[in-house]
*Asks:* 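Structure below; questions to follow.
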Amino acid sequence: MKLKYFAWVAEIIEKREEEIELPDHVKTIDDLMNWLSDKNDGYRIAFNDKKKIKYAINQTLSKEYDSISRNDEVAFFPPMTGG
Amino acid sequence: MKLKYFAWVAEIIEKREEEIELPDHVKTIDDLMNWLSDKNDGYRIAFNDKKKIKYAINQTLSKEYDSISRNDEVAFFPPMTGG
Amino acid sequence: MHIEVKEDDFIIENEIVAIENIKDPDAAISIFVGKVRKEKKLIKLFIDCYPEMAENEIQKIVQNASNRWKLNQVRIIHRYGSLDPGENIVLVITTSDHRGDCYSANQFIMDFLKSEAAFWKKEIFLDKTKWVEQKVTDISTMKDWQED
Amino acid sequence: MHIEVKEDDFIIENEIVAIENIKDPDAAISIFVGKVRKEKKLIKLFIDCYPEMAENEIQKIVQNASNRWKLNQVRIIHRYGSLDPGENIVLVITTSDHRGDCYSANQFIMDFLKSEAAFWKKEIFLDKTKWVEQKVTDISTMKDWQED
C-alpha cells in the first residue's frame, strides 16, 4: 500500500511517501494510524491529535473508520490552507 | 451659458454643445427646457418626456427646479448606461 | 485611487504593475473586465461620454466603496468611442488585505458605474442602430446596496 | 473548465487570450489574483501540494459553482513550491454573459479553494518558520454558501 504525507505531517514522519505491507488486521484508517503509531515516535506524534489530521483514500477526503485495502493510496495531512 | 447634449438628446437637437444668452426669466432647469422647446421641434421632442431626460449643472446631477445662472454649464442626457 | 476615462485600450497586467509601482503588492486583487458582447449582426458599440462628469461620479462611487470596505488600491478605466465586438470597455481593479473586501467593493463599483456614471451606449447592428436603455435590474441591483 | 496546479507563474492576459481562443469573448469577466503577502521578516512562502487530489477537488468546486450560476468559462491556476513575497499564488477567472454570475461564482470558488483544496502553506520568516493554520473564518465563509 502506498502512503503519502504532506505539510507538517511529512516533516514529523520525515517521509513524503512510503510503500508498506498492509497487515490483515489493519482494516480502517483508524487501524492504520494505530498500527503506524506503534512503530515509532514520528507517527505517534503526527497522529496524536485526531482533530489536527485529515486523510484521503485514493485522493478523496475520507473518514476515520473508512475501509482501506492493499491497492489504495492513503494520504495524511493537516487541514488545507490553499488559495 | 454653456449647454451640452449627449446620446440621443444630442442627435435629436443636432448639436453636442452651444453657448446661449440666458434670458432673465429663465431661472431653473425646467424654465430652460420650456424656453428651448419654444425655439424648435428638436428641443421640444428631446424634452417632451420628462421621465426620459436627466440634467446636470456643472457636472452634478440636478433636479428639475434647481436654479441655474449665467456661468453654469448645463447638460442634458438620457439615463446612463455605462459599465 | 486612479481613474481614467479615455478612448485607448488597456492591458490588465500593465495596470497591476502601475498599482504595484505605487505600493507593495497586496494579497488580494479582484479584477472585473467588461467587454463588448459578441452578438449576431452587432458591428460596433459606440459609447458617448461626458468625461468631466464621469470622472467626478466615479470618484464619488470609489469614495463610497472605500467608506464601506477596507481597500488598499482602486484603479478604474472606462473607455468611450467606437468599439468592436469583443473589445474591452471597462476595467475595475480593487486590492485589499482580505479577499472579501476587494470582491464586494469591486461589485459595488461596477453596479454604480452601470447607472450613475456619465456614459451612454449605442449598438450599431447591420440593419439598425439603438441607444441602449437603462435596465430596471441595474437600478434595483444598485438600490440593494443602499438597503444593507 | 481549465485547471492547472503547477510551480510556474502565470500572466493574466495570456490566460484570457487562452480562454478566448476556445470561445468568443464573453461580456463579463471576473478575475481574482491571490499573492504572497508582503510582511515584515517574511522571506518565503512554501506551498506543499498533493496535485492529483487538488485537481480533483478543484474540479468538484467548479462543478458546484456551475450548477449554481450561469458560467461560460472557468480557468484556475494554483501554484505550489517556494514563492517570494509579492508573487502570484492563485488565479481564478470566471466569465459569463452577466456580471452577477461571474462575481458570485468567482468568490464561491475562492472560498472553497481556501479550505477544500489540497494545498498547505508554510511561512518562512527571518527568525522562524510556521505552517499556516486553517482559519475559523475561512470555514464559516465556506459554510455560508451552503445555507443559501
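Sequence lines set the chain letters: A, B, ... in the order given, protein chains first and strands last, and positions in each chain run from 1.
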*Asks:* Where on D:I89 is there a heavy atom nearer than 4.5 Å to chain A: the side chain, the backbone, both, or neither?
*Replies:*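 Side chain only.
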
*Asks:* Which residue out of A:G82, A:A56, A:A75 racks up the most heavy-atom pairs below 4.5 Å with chain D?
*Replies:*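 Of the candidates given, the most pairs with chain D belong to A:G82.
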
*Asks:* If we ignore hydrogens and angles and just use 3.5 Å, is the side chain of D:D48 paired with the main-chain N or O of A:A7 as donor and acceptor?
*Replies:* yes

*Asks:* Would you name the heavy atoms of D:M53 and A:F77 that are closest together and state the gap between them?
*Replies:* CE-CZ, 3.8 Å

*Asks:* So does A:K50 have more than 12 non-hydrogen atoms from other groups sitting under 6.0 Å from NZ?
*Replies:*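 Yes, NZ of A:K50 has more than 12 neighbouring heavy atoms, counting only those of other groups under 6.0 Å.
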
*Asks:* Is D:E55 in contact with chain A via its backbone, its side chain, both, or neither, using a 4.5 Å heavy-atom distance?
*Replies:* neither

*Asks:* Are the side chains of D:W131 and A:P78 in contact, using a 4.5 Å heavy-atom criterion?
*Replies:* no

*Asks:* Check for a donor-acceptor pair, side chain of A:T81 on one end and backbone N or O of D:K121 on the other, with a separation under 3.5 Å.
*Replies:* yes

*Asks:* Counting only heavy atoms not in A:I45, do more than 12 fall under 6.0 Å of its CD1?
*Replies:* yes

*Asks:* Strictly less than 4.5 Å between heavy atoms, which residues of residues 99-109 of chain D line up against chain A? Please order them by number.
*Replies:* none

*Asks:* Quick one: do D:K122 and A:E11 make a salt bridge, cutoff under 4.0 Å?
*Replies:*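 Judged by the 4.0 Å cut-off on N to carboxylate O distance, D:K122 and A:E11 do form a salt bridge.
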
*Asks:* Is any side-chain heavy atom of A:M80 closer than 4.5 Å to a side-chain heavy atom of D:K114?
*Replies:* no

*Asks:* Do any pairs count as a salt bridge (Lys or Arg N to Asp or Glu O under 4.0 Å) and have a residue in residues 33-42 of chain A, sequence neighbours left out, and if so which ones?
*Replies:* A:D41-A:R44

*Asks:* Got more than 12 heavy atoms from elsewhere within 6.0 Å of CD, A:E14?
*Replies:* no

*Asks:* Check whether more than 12 heavy atoms from other residues, nucleotides or ligands sit under 6.0 Å from atom NZ of A:K63, and answer yes or no.
*Replies:*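 For A:K63, atom NZ is not crowded (no more than 12 foreign heavy atoms under 6.0 Å).
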
*Asks:* Counting C-beta onward and ignoring hydrogens, is there a side-chain heavy-atom pair between D:Y50 and A:E73 closer than 4.5 Å?
*Replies:*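 Side-chain contact under 4.5 Å: yes.
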
*Asks:* Answer with side chain, backbone, both or neither: which region of A:K52 has an atom nearer than 4.5 Å to a non-hydrogen atom of chain D?
*Replies:* neither

*Asks:* On a heavy-atom basis, which atom in A:G83 and which in D:H78 lie closest, and how many Å separate them?
*Replies:* N-NE2, 2.9 Å

*Asks:* Can you tell me if D:E133 has over 12 outside heavy atoms packed within less than 6.0 Å of its CD?
*Replies:*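 For D:E133, atom CD is not crowded (no more than 12 foreign heavy atoms under 6.0 Å).
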
